[in-house]
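Heads up, the thing below is written out as structure tokens.
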Amino acid sequence: MKRVKISEILREPKLGTETIVKGWVRAFRSNRFIQLNDGSTINTLQAVVDFEQFDESVLKKITTGAAVGLKGLLVESQGSGQSVELQVSEVEIIGEANPDDVQKTVMQPKKHSLEFLREQAHLRFRTNTFGAVFRIRHAVSFAIHEFFNQRGFYYIHTPIITGSDAEGAGEMFRVTTLDPTNPPLNEDGSVNYKEDFFGKPVNLTVSGQLEGELAALALGQIYTFGPTFRAENSNTSRHLAEFWMIEPEVAFNDIHDNMDLAEDMLKYICSYVMNHFADDLKFLSDREATEQQSKPQNERTELSLIERLQFVTSNDFKRITYTEAIDILRNSNHYKKKKFQYEVDWGTDLQSEHERYLVEKEFKRPVIITDYPASFKAFYMRRNDHSEPGRETVAAMDILFPGIGEMVGGSQREERLDVLKEKCAAFHIPEEDLWWYLDTRRFGSVPHAGFGLGFERMVMFVTGMSNIRDVIPFPRTPQNAEF
RNA sequence: UCCUCCUUAGCUCAGUCGGUUAGAGCAUUUGACUGUUAAUCAAAGGGUCCUUGGUUCGAGCCCAAGAGGAGGAGCCA
């Protein structure tokens, strides 16, 4: 007989049939009731053992955390907390768990802090919260692939090891096989990278975008979905040294097509999770609601997690230009009462507090800000045709989410070779490093656009978790690469 | 990297003005009970009060330095 997953049993219970389940004991109450979870769902199956029919030594081993196989008859439950239960006739102890040891872990049946759970990343999968988070992380991932596949996008794998530092997106991790204590040196004392594995210095990628553009300018529409690495000493609840990013790129799209695509994608993800992982979502929504009760009124969220997802899918994102954003901020009472710590001036980047004001106070919904000043945006973003003199802007777009900040950053790309070369010079990027990128603008260049979605930030929004370390199985942050 | 806060039992936390033997709930163990739902009842075990140094007759509590963690900022996704 094959084991049946608990998710199947609970979805379509075949009452009166002999069934085998295997999983981990969450609780064993009254020497009679086993609460069994096998990871297929957040819900547990109640298994009832008649303790008079089993050996004491077997019952002793049914402890929290232990792995067991149970065979028995599926029947309607006499108790009120569940509809079906398993009347156990055979117990197999598959893996024991010593209660004294379990007591020191996150598996003991009680509430734990997220910090404590983080210290046991290898065991936190066993908890309701992280089981739900990682099932939903899968759902978000799968929804993204499904979304793009349905629209005829091709999934492209861009390199993880890269020789170009062109995007300047941040500090990079060096990849080398040289002996750090005794590297080969040039005559002038510098490290001789010709002797390194690739014959030149290489790093872990900070973005697959430039490579993605090459594919898009042949295959039409592509997306990447891979790990990304930033060696920045960022110690916040929104940053990781290793994270995952989705970067679609579409030939012939302009900035408006780009916004439509991003908005559709974000809505699709929310719908998918609501439709397919409702149990996990409800658990997380209730969990957040309980947590909110211990917070002061002004720090509570107005909508529940589920309501926030519904809100996103059923309302258009607010679209404004950077210049309009500056006007709104400067005309706000918040500004007039001097409640912003940072000055609001055309030409400087928006600070976190400004973005939060726009998203959380002014519009109360996701906001897309476009047409930023060229001075603080990347070299590859397309220069707008009708910029005021001295106020040159680029066709950039950032999508800001409540509680998260920047969820998506993208732009229409500079397709004009002469302008792009000008920008390279202005940003001190040597053209010879990017010859392969510039080539795309020589052989049938076309307008195109794309964006990057921070995968973990999306999972944060969908699960309601407030620390990015709690939505990735094994977080890598400064001074922390355990497991 | 900067600012603020935190570190007491396995976990979550209390610990008064610096004063005798540092407490509670949960968890664990033992026993009782047995249709429970974070089961209940009784008892027991469990402490480098983060580390080092200082002040003091006396420090969990005051001071200094360090370590670890959290929140916020910057950078960004």
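The structure presented is a predicted model; accordingly, all values stated were derived computationally and were not measured. All chains are named by letter (A, B, ...) in the order of the sequence lines, taking the proteins before the strands, and each is independently numbered beginning at 1.
Although no hydrogens or angles enter the test, the distance criterion places a donor-acceptor pair under 3.5 Å between the side chain of A:R308 and the main chain of A:L303.
Between A:F51 atom CZ and B:U36 atom P there is a gap of 13 Å when expressed in whole angstrom units. Remark: P of B:U1 and CD of A:E232 are 13 Å apart, rounded to the nearest angstrom. A:F33 places its CZ atom 8 Å from the C1' atom of B:U34, with the value rounded to the nearest Å. The interatomic distance linking A:F116 (CZ) with B:A70 (C1') rounds to 16 Å, in whole Å. If you take CD of A:Q341 and C1' of B:A73, they are 7 Å apart, rounded to a whole angstrom. Across the protein-nucleic acid pair, A:L400 atom CG and B:C76 atom C1' stand 13 Å apart, rounded to whole Å. Rounded to an integer number of Å, the gap from CG of A:L45 to C1' of B:U37 is 14 Å.
Below the 3.5 angstrom threshold, one finds no donor paired with an acceptor across the side chain of A:E115 and the base of B:G69. Residue A:S234 places no side-chain atom within donor-acceptor reach of the base of B:C76, judged by atom type and a 3.5 Å distance cut-off alone. At a cut-off of 3.5 angstrom, counting only N and O atoms as typed in the model, there is no donor on one side facing an acceptor on the other between the side-chain of A:E85 and the base of B:U37.
Note that the CG atom of A:L123 and the CE atom of A:M107 stand 5.0 Å from one another [nearest 0.5 Å].
Nearest nucleotide to the side chain of A:K104, out of B:G74, B:G35, B:G10: B:G10. Distance from the side chain of A:R118 is smallest for B:A70 among the nucleotides B:C75, B:U37, B:A70. The side chain of A:S352 lies closest to B:G74, out of B:G35, B:G72, B:G74. Closest approach to the A:Q82 side chain among B:U37, B:U34, B:C11 is made by B:U37 (side chain taken as heavy atoms from C-beta onward).
Partners of A:E360 by side-chain contact (heavy atoms from CB on, under 4.5 Å), not counting sequence neighbours, listed by chain and number: A:R356, A:P402. The ring pair (Phe, Tyr, Trp, His ring centres under 6.0 Å) search around A:F363 returns none, not counting sequence neighbours.
Using a 4.0 Å cut-off, some side-chain N or O of A:N467 falls inside it from OP1 or OP2 of B:G71. For A:Q46, no side-chain nitrogen or oxygen approaches OP1 or OP2 of B:U37 to under 4.0 Å. Put simply, A:R32 has no side-chain N or O that comes within less than 4.0 Å of OP1 or OP2 on B:C33.
Residues A:Y357 and A:F340 place their aromatic rings such that the two centres sit under 6.0 Å apart. The distance between the ring centers of A:F225 and A:F455 falls below 6.0 angstrom.
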Polar-atom pairs under 3.5 Å, protein N or O versus N or O of nucleotides 27-31 of chain B: list them with distances, or write none.
| unit_1 | atom_1 | unit_2 | atom_2 | d |
| --- | --- | --- | --- | --- |
| B:A27 | O4' | A:Q108 | OE1 | 3.4 |
| B:A27 | O2' | A:Q108 | OE1 | 3.2 |
| B:A27 | N3 | A:Q103 | OE1 | 2.6 |
| B:U28 | O2' | A:D100 | OD1 | 2.5 |

Interface polar pairs with nucleotides 40-42 of chain B, N/O, under 3.5 angstrom:
none

**Message:** Run A:D470 and A:R124 through salt bridge (charged side-chain N to carboxylate O under 4.0 Å, His left out) and show every step you take.
**Reply:** CA-CA 10 Å; A:D470 295 327; A:R124 65 178 180 170; 3.5 Å; yes
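Position along RNA chain B of the nearest nucleotide to A:Q35 versus A:I468 favours A:Q35 as the more 5'-ward residue.
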Please tabulate, one pair per line, all N/O donor-acceptor pairs under 3.5 Å involving side-chain atoms of residues 57-65 of chain A, not counting sequence neighbours.
| unit_1 | atom_1 | unit_2 | atom_2 | d |
| --- | --- | --- | --- | --- |
| A:S57 | OG | A:D55 | OD2 | 2.7 |
| A:T63 | OG1 | A:A97 | O | 2.9 |

**Prompt:** How does RNA chain B read in dot-bracket, base by base from 5' to 3', with Watson-Crick or G-U pairs under 3.5 Å and | used when the partner is on another strand?
**Reply:** (((((((..((((.....[...)))).(((((.......))))).....(((((..]....))))))))))))....
